[in-house]
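Heads up: the structure comes next, in structure tokens.
Residue numbers count from 1 along this sequence. Atoms within a ligand are numbered from 1 in the order they appear, just like the ligands themselves.
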Amino acid sequence: MLGRLNHVAIAVPDLATATAVYRDTLGAKVTAAQALPEHGVTVVFIDLGNTKVELLEPLGEKSPIAAFLEKNPSGGMHHVCYEVDDIVAARDRLKAGGARVLGDGNPKIGAHGKPVLFLHPKDFAGTLVELEQA
Ligand code: CO
């Protein structure tokens with residue numbers, strides 16, 4: 001069921017500063033910032049060739065990463081995103097096995113224009129997992 005690692009996401013308090021660290025200090029290729037109001041974040045992707053890093057900054061009042069940044073004020077690793085061929089089939093299989101899907105359980109369109117879902121960290125070795133349709 002599980003495919004490639006699509007990205008590792010890092011929540012940051014200041015997207016411009018974090019982007020500059022990756023671009024200037026680390027010499028990485030970075031995208032322009034993209035606001036995703038439906039997800040409550042603004043994102044920048046770092047293209048590493050074999051995978052990506054997603055930098056996340058809170059957007060709006062009820063950002064899902066606000067509490068994480070209160071606990072980790074300088075930022076930190078927030079989630080990993082794995083690709084699946086069929087996100088609805090993957091969700092149904094995981095739910096049948098007792099895993100918890102966050103939100104209303106329906107895929108939303110993510111930063112790459114493809115459906116995504118988030119799975120409860122307590123069911124996945126303490127890590128928030130995002131699934132993205134490949
Ligand atoms: Co992500």
Taking 2.8 Å as the cut-off, does His78 contribute an N, O or S atom near the Co ion (ligand 1), distance below it?
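So His78 does not bind the Co ion (ligand 1) by this criterion.
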Counting backbone and side chain alike, does His7 bring an N/O/S atom below 2.8 Å of the Co ion (ligand 1)?
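Coordinating: yes.
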Can you find a side-chain donor-acceptor pair between Glu54 and His78 that sits under 3.5 Å?
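The criterion, which ignores hydrogens and geometry beyond distance, is not satisfied for His78 and Glu54.
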Would one find more than 12 heavy atoms of other residues, nucleotides or ligands at under 6.0 Å from atom CG of Asp14?
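Atom CG in Asp14 is crowded, with more than 12 foreign heavy atoms closer than 6.0 Å.
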Any idea which N/O/S atom from Glu130 gets closest to the Co ion (ligand 1)?
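Result: OE1.
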Write the atom name of the N, O or S atom in Glu54 that is nearest the Co ion (ligand 1).
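The closest N, O or S atom of Glu54 to the Co ion (ligand 1) is OE1.
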Are Arg100 and Asp123 within salt-bridge range, i.e. N to O under 4.0 Å?
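Judged by the 4.0 Å cut-off on N to carboxylate O distance, Arg100 and Asp123 do form a salt bridge.
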Per the side chain to side chain contact (heavy atoms under 4.5 Å, CB included) rule, which among Val43, Ile46, Val41 passes with Leu55?
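Of all the options given, the one that passes is Ile46.
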